[in-house]
Amino acid sequence: RIHFMDLLNRSCRAGKYSEALYFLESMVSKGFKPDVILCTKLIKGFFNSRNVKMAVKVLEILESHGHPDVFAYNAVIGGLCKMNRIETATKILDRMRTRGCLPDVVTYNILIGSLCNRGKLGLALKVLDQLLEDNYLPTVVTYTILIEATISDGGVDAAMKLLDEMSSKGLRPDMYTYNVIIRGMCKEGMVDQAYEFIKGLPSRGRDADVISYNILLRAFLNKKRWEDGERLMDEMISKGCMPNVVTYSILINSLCQEGKVDEAVGVLKDMMSRGLAPD
RNA sequence: UGGCCGUCGUCGCGGCA
């Protein structure tokens, strides 16, 4: 079994998922129990390569020869939701319940996120209510997902209320949460509010990170606010937040769109001289 | 004791359909 697990692990790491599935099948056909963690990795791998059938097959192997846990089920449900296979996801959810594996907060987060991505914020909020009724505790992720969707729905104020609500529940927003708000404001054209929000982060106990700055930088450049963009770059550097490859590609992109290709090349050279490799 | 190891949420571009 150890040998099979080793083979499986290697194949997964190498991205050879079909090969891994073959080893998995050989393994169970010889009477060895499948390893849940390896199977979960394999499920993720199949979804990343858009192979829904094989992902589900791995789960079925787990169900018939072992015991999938909530991680494995969540991987499948999440993958199916991303592929818009909601009916199948619902079926799997039922199946996990009947097999005695209870959904957890992550399961709920997946459902909430999937609804939000489909523009069904109202339903997502109902799932949140259901989560609370079932005596689960929402997490920072739960609120981050809902906040992002709420802003996209045009409700910056409602989103800020959610931010307060999560804090009142003892959940401390992280940079994912704040960046989602910054991005949402920018998308709604509230670029200056986004900047003010960034300035206010220290009073919330956080400092803007490179992603925060990248989001705002892109918004400035999109609005052709070059000076603001330049000042922002200076500011992030002076605060010890070093630009990364994404920062530079935002700059390069903007310059190219303005037809300033040679300046873009200059930025690229500058980037490489700072030890950053283009991707 | 702490950390890592499978599931959910943030930045640009490109690729694939």
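The chains referred to below are lettered A, B, ... by the order of the sequence lines, with proteins before strands, and numbering in each begins at 1.
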What nucleic acid atoms does [X] come within less than 4.0 Å of, heavy atoms only: base, sugar-phosphate, or nothing?
X	result
V140(A)	base
T139(A)	nothing
D209(A)	nothing
D104(A)	nothing

[atom1] of [X]: more than 12 outside heavy atoms within 6.0 angstrom?
X	atom1	value
R50(A)	CZ	no
R1(A)	CZ	yes
R85(A)	CZ	no

- [ ] Please tell me which of M175(A) and T107(A) maps to the more 5' nucleotide of RNA chain B, matching each residue to the nucleotide holding its nearest heavy atom.
- [x] T107(A)
Open item on the list: If you assign R50(A) and N179(A) each to the RNA chain B nucleotide with the nearest heavy atom, which residue ends up on the more 5' nucleotide?
Closed with: N179(A)
Contacts to RNA chain B from [range], heavy-atom cutoff under 4.0 Å, which residues?
range	result
residues 240-263 of chain A	V246(A), S249(A), I250(A), N253(A)
residues 153-172 of chain A	none
residues 212-220 of chain A	N214(A), I215(A), R218(A)
residues 33-48 of chain A	V36(A), I37(A), T40(A), K41(A), K44(A)
residues 182-205 of chain A	R183(A)

Task: Pairs meeting criterion ring-ring contact (aromatic ring centres under 6.0 Å, His included) with involvement of residues 248-279 of chain A, two or more places apart - done: none
Rounded distance [0.5 Å steps], [atom1] in [X] versus [atom2] in [Y]:
X	Y	atom1	atom2	result
H65(A)	L24(A)	NE2	CG	9.0 Å
N109(A)	T139(A)	CG	OG1	4.5 Å
L162(A)	I147(A)	CG	CD1	5.5 Å

Would you say the side chains of [X] and [Y] form a donor-acceptor pair under 3.5 Å?
X	Y	result
E235(A)	Y195(A)	yes
D164(A)	S167(A)	no
R218(A)	N253(A)	no

Open item on the list: I'd like to check the salt bridge (charged side-chain N to carboxylate O under 4.0 Å, His left out) partners of K223(A); sequence neighbours left out, ordered by chain and number.
Closed with: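 With sequence neighbours excluded, K223(A) shows a salt bridge (charged side-chain N to carboxylate O under 4.0 Å, His left out) to no residue whatsoever.
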Task: Under the salt bridge (charged side-chain N to carboxylate O under 4.0 Å, His left out) test, residues paired with R225(A) that sit two or more places apart - done: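 Scan of R225(A) (salt bridge (charged side-chain N to carboxylate O under 4.0 Å, His left out), adjacent residues dropped) gives D192(A), D228(A).
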Task: Terminal contacting nucleotides, 5' and 3', RNA chain B versus chain A (heavy atom, 4.0 Å) - done: G6(B) to C16(B)
Open item on the list: Quick one, M160(A) and F197(A) - any side-chain contact, counting heavy atoms below 4.5 Å?
Closed with: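 A side-chain contact under 4.5 Å exists here.
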Open item on the list: Is the shortest side-chain heavy-atom distance between Y178(A) and R204(A) below 4.5 Å?
Closed with: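 Yes - at least one pair of side-chain heavy atoms lies under 4.5 Å apart.
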Task: Worked verdict on K161(A) versus D157(A) for salt bridge (charged side-chain N to carboxylate O under 4.0 Å, His left out) - done: CA-CA 6 Å; K161(A) 278 178 76 177; D157(A) 294 337; over 6 Å; no
Open item on the list: Show me, range against range, the stems involving RNA chain B, built from at least 3 consecutive Watson-Crick or G-U pairs below 3.5 Å.
Closed with: none
TODO: Only pairs at least two apart or in different chains count here, so list each salt bridge (Lys or Arg N to Asp or Glu O under 4.0 Å) that has a residue in residues 19-34 of chain A.
DONE: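 Qualifying pairs: E25(A)-K57(A).
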TODO: Check the pair W226(A) / E258(A) against side-chain contact (heavy atoms from CB on, under 4.5 Å), numbers first and verdict last.
DONE: CA-CA 11 Å; W226(A) 319 118; E258(A) 292 298 310; 3.6 Å; yes
In residues 120-136 of chain A, what donor-acceptor pairs under 3.5 Å come from side-chain atoms, sequence neighbours left out?
unit_1	atom_1	unit_2	atom_2	d
D134(A)	OD2	Y108(A)	OH	2.6
Y136(A)	OH	P103(A)	O	2.7

Open item on the list: If hydrophobic clusters are built from ILVMFWY residues whose side chains come within less than 4.5 Å, do M27(A) and L62(A) share one?
Closed with: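 M27(A) does not cluster with L62(A).
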Open item on the list: Parallel, tilted or perpendicular, judged at 30° and 60°: which one describes the rings of F32(A) and F4(A)?
Closed with: tilted
Task: Over all atoms of both residues, closest heavy-atom pair of L217(A) and G229(A) - done: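 Shortest heavy-atom separation between L217(A) and G229(A) comes out as CD1-O, 3.6 Å.
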